[in-house]
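Whatever order the structure lists them in is the order used to number ligands and atoms, beginning at 1.
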Amino acid sequence: MSVKKIGILTGGGDCPGLNAVIRAVVRRAQSFQIEVLGIRNGWLGLISGDVEPLTSFSVIGILPKGGTILGTSRVNPLRTTEDRQKLLANYQRYGLEAVIAVGGDGTLSASRELFHLGLPVVGVPKTIDNDLRGTDYTFGFDTAVNVVRDAIDRLHTTAESHHRVMVVEVMGHRVGWIATFGGLSGGADFILIPEKPYRIEDMCAVLENRRKRGRSFSIVVVAEGAAPAGEALPEKVGEGTTTGIGYRIAKEIEVRLGIETRVTVLGHIQRGGSPTAFDRILATRFGIRAVDLAQQGTFGQMVALQGTRIVAVPLDEATAGPKTVDLEQFADAEVFFG
Ligand code: F6P
(Lines give C-alpha, C1' and ligand atoms only; values in the text may rest on other atoms or scores of the structure.)
Protein backbone atom coordinates (compact mmCIF):
# COMPACT_ATOMS: atom_id res chain seq x y z
CA MET A 1 0.00 0.00 0.00
CA SER A 2 1.30 3.43 -0.75
CA VAL A 3 -0.16 6.73 0.42
CA LYS A 4 -0.57 9.90 -1.66
CA LYS A 5 -1.27 12.52 1.01
CA ILE A 6 -0.18 12.81 4.63
CA GLY A 7 -0.63 15.40 7.36
CA ILE A 8 1.96 16.47 9.90
CA LEU A 9 1.38 18.23 13.22
CA THR A 10 3.51 19.28 16.18
CA GLY A 11 1.86 19.12 19.62
CA GLY A 12 2.68 19.82 23.26
CA GLY A 13 5.51 22.04 24.49
CA ASP A 14 7.76 23.12 21.63
CA CYS A 15 11.37 22.05 21.47
CA PRO A 16 14.44 22.53 19.29
CA GLY A 17 14.42 20.13 16.33
CA LEU A 18 10.72 20.27 15.43
CA ASN A 19 11.48 22.17 12.23
CA ALA A 20 14.16 19.64 11.32
CA VAL A 21 11.49 16.91 11.46
CA ILE A 22 9.06 18.95 9.35
CA ARG A 23 11.77 19.61 6.75
CA ALA A 24 12.77 15.94 6.61
CA VAL A 25 9.16 14.79 6.31
CA VAL A 26 8.48 17.16 3.42
CA ARG A 27 11.70 16.27 1.60
CA ARG A 28 11.33 12.51 2.07
CA ALA A 29 7.64 12.62 1.08
CA GLN A 30 8.60 14.42 -2.13
CA SER A 31 10.81 11.53 -3.13
CA PHE A 32 7.72 9.27 -3.03
CA GLN A 33 5.46 11.92 -4.67
CA ILE A 34 3.46 12.15 -1.44
CA GLU A 35 1.71 15.47 -0.76
CA VAL A 36 2.16 16.93 2.74
CA LEU A 37 -0.42 19.01 4.56
CA GLY A 38 0.82 20.99 7.57
CA ILE A 39 -1.70 20.95 10.42
CA ARG A 40 -1.41 24.08 12.58
CA ASN A 41 -1.23 24.08 16.37
CA GLY A 42 -1.24 20.37 17.09
CA TRP A 43 -4.44 18.38 17.07
CA LEU A 44 -6.37 21.66 17.33
CA GLY A 45 -5.64 22.34 13.64
CA LEU A 46 -7.31 19.13 12.56
CA ILE A 47 -10.32 19.84 14.75
CA SER A 48 -10.74 23.40 13.48
CA GLY A 49 -9.55 22.84 9.92
CA ASP A 50 -6.45 25.02 10.14
CA VAL A 51 -4.04 23.56 7.60
CA GLU A 52 -1.54 24.58 4.90
CA PRO A 53 0.10 22.64 2.09
CA LEU A 54 3.83 22.19 2.68
CA THR A 55 6.24 22.20 -0.24
CA SER A 56 10.02 22.26 -0.43
CA PHE A 57 9.74 26.09 -0.49
CA SER A 58 7.91 26.04 2.87
CA VAL A 59 10.85 24.35 4.55
CA ILE A 60 13.76 26.32 3.10
CA GLY A 61 16.04 27.63 5.84
CA ILE A 62 14.16 26.12 8.78
CA LEU A 63 16.70 23.46 9.84
CA PRO A 64 18.53 25.69 12.37
CA LYS A 65 15.38 27.39 13.68
CA GLY A 66 14.02 26.58 17.12
CA GLY A 67 10.27 26.25 17.75
CA THR A 68 7.90 24.98 15.06
CA ILE A 69 6.72 26.70 11.88
CA LEU A 70 3.39 24.89 12.36
CA GLY A 71 2.71 26.22 15.85
CA THR A 72 1.70 23.98 18.71
CA SER A 73 -0.88 23.52 21.45
CA ARG A 74 -1.64 21.10 24.24
CA VAL A 75 -5.21 20.51 23.06
CA ASN A 76 -6.40 16.96 23.68
CA PRO A 77 -8.44 15.94 20.60
CA LEU A 78 -10.39 13.42 22.66
CA ARG A 79 -11.66 15.88 25.23
CA THR A 80 -15.16 15.92 23.68
CA THR A 81 -17.05 13.67 21.25
CA GLU A 82 -17.73 16.74 19.11
CA ASP A 83 -14.01 17.53 18.73
CA ARG A 84 -13.24 13.94 17.86
CA GLN A 85 -15.96 13.91 15.20
CA LYS A 86 -14.72 17.20 13.72
CA LEU A 87 -11.18 15.85 13.61
CA LEU A 88 -12.22 12.67 11.79
CA ALA A 89 -14.45 14.64 9.39
CA ASN A 90 -11.59 17.01 8.50
CA TYR A 91 -9.24 14.09 8.05
CA GLN A 92 -11.64 12.77 5.36
CA ARG A 93 -12.31 16.20 3.88
CA TYR A 94 -8.63 16.88 3.25
CA GLY A 95 -8.13 13.45 1.68
CA LEU A 96 -5.46 12.47 4.21
CA GLU A 97 -4.26 8.89 4.34
CA ALA A 98 -1.98 9.21 7.37
CA VAL A 99 -0.97 11.67 10.08
CA ILE A 100 2.54 12.09 11.42
CA ALA A 101 2.16 13.38 14.99
CA VAL A 102 5.30 14.88 16.50
CA GLY A 103 4.97 15.25 20.24
CA GLY A 104 5.59 14.16 23.78
CA ASP A 105 3.54 12.01 26.09
CA GLY A 106 0.28 14.00 25.74
CA THR A 107 0.31 14.20 21.94
CA LEU A 108 1.41 10.59 21.50
CA SER A 109 -1.10 9.23 24.03
CA ALA A 110 -3.84 10.94 22.01
CA SER A 111 -2.25 9.47 18.85
CA ARG A 112 -2.42 6.02 20.41
CA GLU A 113 -6.11 6.44 21.20
CA LEU A 114 -6.89 7.80 17.73
CA PHE A 115 -4.99 4.92 16.16
CA HIS A 116 -7.18 2.47 18.10
CA LEU A 117 -10.20 4.37 16.77
CA GLY A 118 -8.98 3.70 13.23
CA LEU A 119 -6.82 6.75 12.39
CA PRO A 120 -3.55 5.82 10.63
CA VAL A 121 -0.95 7.60 12.79
CA VAL A 122 2.84 7.51 13.01
CA GLY A 123 4.39 9.09 16.12
CA VAL A 124 7.66 11.02 16.38
CA PRO A 125 9.03 11.48 19.92
CA LYS A 126 9.91 15.03 20.90
CA THR A 127 10.51 16.43 24.34
CA ILE A 128 13.33 18.15 26.11
CA ASP A 129 12.43 15.94 29.10
CA ASN A 130 13.58 12.69 27.37
CA ASP A 131 10.84 10.80 29.20
CA LEU A 132 9.32 8.67 26.41
CA ARG A 133 9.80 4.94 26.59
CA GLY A 134 11.17 2.85 23.73
CA THR A 135 13.69 5.43 22.56
CA ASP A 136 17.16 6.06 24.00
CA TYR A 137 16.74 9.78 23.36
CA THR A 138 14.10 12.23 22.21
CA PHE A 139 15.26 15.20 20.16
CA GLY A 140 15.35 18.50 22.05
CA PHE A 141 16.92 16.88 25.07
CA ASP A 142 20.52 17.36 23.94
CA THR A 143 19.92 21.05 23.24
CA ALA A 144 18.35 21.54 26.68
CA VAL A 145 21.26 19.74 28.36
CA ASN A 146 23.70 22.01 26.55
CA VAL A 147 21.82 25.08 27.76
CA VAL A 148 22.07 23.79 31.34
CA ARG A 149 25.74 22.93 30.93
CA ASP A 150 26.46 26.41 29.56
CA ALA A 151 24.55 28.03 32.44
CA ILE A 152 26.48 25.99 35.03
CA ASP A 153 29.80 26.91 33.39
CA ARG A 154 28.85 30.57 33.69
CA LEU A 155 27.60 30.22 37.25
CA HIS A 156 30.89 28.64 38.33
CA THR A 157 32.87 31.85 37.96
CA THR A 158 30.43 34.06 39.84
CA ALA A 159 29.89 31.39 42.52
CA GLU A 160 33.64 31.13 43.03
CA SER A 161 34.14 34.90 43.24
CA HIS A 162 31.43 35.31 45.91
CA HIS A 163 31.98 31.98 47.68
CA ARG A 164 28.30 31.21 47.26
CA VAL A 165 26.09 28.22 46.72
CA MET A 166 24.29 28.52 43.37
CA VAL A 167 21.06 26.59 42.96
CA VAL A 168 20.05 25.96 39.34
CA GLU A 169 16.44 24.87 38.81
CA VAL A 170 15.90 23.04 35.53
CA MET A 171 12.86 21.57 33.76
CA GLY A 172 11.68 18.06 34.42
CA HIS A 173 8.43 17.82 36.31
CA ARG A 174 8.15 14.05 36.38
CA VAL A 175 11.70 12.99 35.52
CA GLY A 176 15.24 14.20 36.16
CA TRP A 177 17.01 13.51 32.86
CA ILE A 178 17.87 17.16 32.18
CA ALA A 179 19.07 17.65 35.75
CA THR A 180 21.18 14.47 35.68
CA PHE A 181 22.83 15.04 32.30
CA GLY A 182 23.07 18.83 32.70
CA GLY A 183 24.52 18.48 36.19
CA LEU A 184 26.95 15.75 35.21
CA SER A 185 28.21 17.69 32.18
CA GLY A 186 28.52 20.92 34.18
CA GLY A 187 30.24 19.38 37.19
CA ALA A 188 27.46 19.96 39.74
CA ASP A 189 28.20 19.30 43.42
CA PHE A 190 24.72 17.93 44.06
CA ILE A 191 21.73 17.00 41.88
CA LEU A 192 18.14 16.56 43.04
CA ILE A 193 15.69 14.64 40.85
CA PRO A 194 12.06 13.48 41.20
CA GLU A 195 13.09 9.83 41.00
CA LYS A 196 15.14 10.07 44.18
CA PRO A 197 13.41 11.81 47.11
CA TYR A 198 16.01 13.89 48.92
CA ARG A 199 16.88 14.54 52.56
CA ILE A 200 17.98 18.15 52.94
CA GLU A 201 20.28 17.29 55.84
CA ASP A 202 22.18 14.82 53.64
CA MET A 203 22.74 17.41 50.94
CA CYS A 204 23.77 20.09 53.45
CA ALA A 205 26.23 17.66 55.06
CA VAL A 206 27.84 17.08 51.66
CA LEU A 207 28.11 20.83 50.96
CA GLU A 208 29.47 21.54 54.42
CA ASN A 209 32.04 18.79 54.17
CA ARG A 210 33.14 20.19 50.84
CA ARG A 211 33.71 23.62 52.41
CA LYS A 212 35.74 22.08 55.21
CA ARG A 213 37.98 20.51 52.59
CA GLY A 214 38.67 23.94 51.10
CA ARG A 215 36.21 24.43 48.27
CA SER A 216 34.59 27.83 48.73
CA PHE A 217 31.57 27.49 46.45
CA SER A 218 29.06 24.91 45.27
CA ILE A 219 26.62 24.32 42.42
CA VAL A 220 23.37 22.47 43.13
CA VAL A 221 21.12 21.40 40.23
CA VAL A 222 17.49 20.69 41.05
CA ALA A 223 14.79 19.37 38.72
CA GLU A 224 11.53 21.32 39.06
CA GLY A 225 9.77 18.11 40.16
CA ALA A 226 12.21 17.09 42.91
CA ALA A 227 10.68 16.50 46.35
CA PRO A 228 11.87 15.68 49.86
CA ALA A 229 11.38 12.15 51.13
CA GLY A 230 7.83 11.69 52.39
CA GLU A 231 6.32 14.48 50.26
CA ALA A 232 4.36 14.27 47.01
CA LEU A 233 5.96 15.68 43.84
CA PRO A 234 5.46 19.48 43.89
CA GLU A 235 2.91 21.31 41.74
CA LYS A 236 3.68 24.42 39.70
CA VAL A 237 2.95 27.71 41.42
CA GLY A 238 -0.06 29.40 39.79
CA GLU A 239 0.45 29.85 36.06
CA GLY A 240 4.22 29.98 36.61
CA THR A 241 6.71 27.59 35.14
CA THR A 242 8.34 26.80 38.45
CA THR A 243 7.34 24.73 41.42
CA GLY A 244 9.45 27.02 43.59
CA ILE A 245 11.64 24.11 44.61
CA GLY A 246 14.88 25.98 43.79
CA TYR A 247 13.97 28.79 46.19
CA ARG A 248 12.92 26.34 48.86
CA ILE A 249 16.25 24.52 48.66
CA ALA A 250 18.23 27.79 48.69
CA LYS A 251 16.44 28.98 51.81
CA GLU A 252 17.11 25.72 53.61
CA ILE A 253 20.80 25.86 52.69
CA GLU A 254 21.08 29.42 54.02
CA VAL A 255 19.28 28.58 57.26
CA ARG A 256 21.17 25.35 57.92
CA LEU A 257 24.66 26.35 56.74
CA GLY A 258 24.62 30.15 56.92
CA ILE A 259 26.11 30.32 53.41
CA GLU A 260 24.91 32.96 50.97
CA THR A 261 22.91 31.20 48.28
CA ARG A 262 21.45 32.37 44.95
CA VAL A 263 18.89 30.79 42.64
CA THR A 264 18.69 30.63 38.83
CA VAL A 265 15.51 29.23 37.29
CA LEU A 266 16.39 28.41 33.69
CA GLY A 267 12.77 27.88 32.57
CA HIS A 268 11.92 28.16 28.90
CA ILE A 269 15.43 29.16 27.89
CA GLN A 270 15.98 25.38 27.88
CA ARG A 271 13.33 24.99 25.19
CA GLY A 272 14.21 27.90 22.93
CA GLY A 273 16.79 28.56 20.25
CA SER A 274 18.64 26.56 17.66
CA PRO A 275 18.98 22.76 18.02
CA THR A 276 22.38 21.16 18.53
CA ALA A 277 23.89 19.09 15.71
CA PHE A 278 22.86 15.93 17.59
CA ASP A 279 19.23 17.05 17.77
CA ARG A 280 19.16 18.18 14.13
CA ILE A 281 20.43 14.81 12.98
CA LEU A 282 18.15 12.81 15.27
CA ALA A 283 15.09 14.86 14.28
CA THR A 284 15.99 14.52 10.60
CA ARG A 285 16.40 10.74 10.85
CA PHE A 286 13.09 10.49 12.74
CA GLY A 287 11.32 12.51 10.03
CA ILE A 288 12.68 10.35 7.22
CA ARG A 289 11.74 7.12 8.97
CA ALA A 290 8.24 8.40 9.86
CA VAL A 291 7.48 8.94 6.16
CA ASP A 292 8.89 5.51 5.34
CA LEU A 293 6.51 3.92 7.86
CA ALA A 294 3.54 5.84 6.46
CA GLN A 295 4.56 4.91 2.92
CA GLN A 296 4.70 1.23 3.92
CA GLY A 297 1.31 1.49 5.68
CA THR A 298 2.78 0.75 9.12
CA PHE A 299 0.75 2.68 11.69
CA GLY A 300 0.31 2.88 15.46
CA GLN A 301 4.10 3.04 15.76
CA MET A 302 6.56 5.64 17.02
CA VAL A 303 9.98 6.07 15.45
CA ALA A 304 12.71 5.63 18.05
CA LEU A 305 16.47 5.64 18.53
CA GLN A 306 17.87 2.39 19.89
CA GLY A 307 21.64 2.35 19.93
CA THR A 308 22.55 3.88 16.59
CA ARG A 309 19.49 2.61 14.71
CA ILE A 310 16.14 4.23 14.06
CA VAL A 311 13.46 1.63 14.75
CA ALA A 312 9.68 1.54 15.18
CA VAL A 313 8.07 0.83 18.56
CA PRO A 314 4.33 0.53 19.23
CA LEU A 315 2.70 3.72 20.54
CA ASP A 316 1.15 1.50 23.22
CA GLU A 317 4.62 0.73 24.53
CA ALA A 318 6.04 4.26 24.16
CA THR A 319 3.19 5.83 26.17
CA ALA A 320 2.89 3.18 28.90
CA GLY A 321 4.33 5.56 31.54
CA PRO A 322 7.28 7.93 31.83
CA LYS A 323 10.83 6.73 31.23
CA THR A 324 12.46 7.65 34.51
CA VAL A 325 16.15 8.12 35.26
CA ASP A 326 17.91 4.84 35.83
CA LEU A 327 19.34 5.13 39.35
CA GLU A 328 22.40 3.12 38.35
CA GLN A 329 23.16 5.81 35.80
CA PHE A 330 22.45 8.50 38.41
CA ALA A 331 25.07 6.87 40.61
CA ASP A 332 27.71 8.06 38.11
CA ALA A 333 26.70 11.64 38.89
CA GLU A 334 26.73 10.89 42.63
CA VAL A 335 30.43 10.00 42.44
CA PHE A 336 31.06 13.74 42.15
CA PHE A 337 28.79 14.88 44.99
CA GLY A 338 30.68 16.72 47.64
O1 F6P B 1 7.14 18.86 28.65
C2 F6P B 1 8.20 19.70 28.50
C3 F6P B 1 8.24 20.76 29.53
O4 F6P B 1 9.26 21.59 29.11
C5 F6P B 1 8.43 20.33 30.99
O6 F6P B 1 9.74 20.03 31.36
C7 F6P B 1 7.90 21.53 31.73
O8 F6P B 1 7.47 21.16 33.01
C9 F6P B 1 6.76 21.97 30.85
O10 F6P B 1 7.07 21.55 29.55
C11 F6P B 1 6.49 23.45 30.86
O12 F6P B 1 5.36 23.68 30.08
P13 F6P B 1 4.73 25.10 29.69
O14 F6P B 1 5.50 25.61 28.51
O15 F6P B 1 3.33 24.79 29.33
O16 F6P B 1 4.90 26.01 30.86
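Put simply, part of Gly172 is less than 4.0 Å from ligand 1, judged by heavy atoms.
Centroid-to-centroid, the aromatic rings of Phe181 and Phe141 come within less than 6.0 Å.
Asp316 and His116 are linked by a side-chain donor-acceptor pair at a separation below 3.5 angstrom, with hydrogens and angles left out of the test.
Contact annotation for Gln270 and ligand 1: no heavy atom of the residue comes within less than 4.0 Å of the ligand. With a 4.0 Å cut-off on non-hydrogen atoms, Ile128 touches ligand 1 through its side chain and not its backbone.
Residue nearest to atom 2 (C) of ligand 1, selected from Asp129, Ile178, Thr243: Asp129 (by heavy-atom distance). Comparing heavy-atom distances from atom 7 (C) of ligand 1 across Glu224, Arg74, Arg174 singles out Glu224 as nearest. If you check each of Lys126, Arg271, His173 against atom 3 (C) of ligand 1, the one with the closest non-hydrogen atom is Arg271.
Under a 4.5 Å side-chain heavy-atom cut-off, the cluster of Ile, Leu, Val, Met, Phe, Trp and Tyr residues that includes Ile269 is completed by Val147.
Within the structure, ring-ring contact (aromatic ring centres under 6.0 Å, His included) contacts touching residues 204-223 (residues at least two apart or in different chains) are His156-Phe217.
Taking every heavy atom of His268 and a limit of under 4.0 angstrom, the matching atoms of ligand 1 come to 13 (P), 14 (O), 16 (O).
Summarising the local packing, CD of Glu82 is surrounded by 12 or fewer heavy atoms from other residues, nucleotides or ligands at distances under 6.0 Å.
Backbone and side-chain nitrogen or oxygen atoms of Thr127 are examined, and none is located within less than 3.5 angstrom of a nitrogen or oxygen of ligand 1.
With Asn41 as reference, Asp50 is the one residue of Leu70, Thr68, Asp50 to meet the side-chain contact (heavy atoms from CB on, under 4.5 Å) rule.
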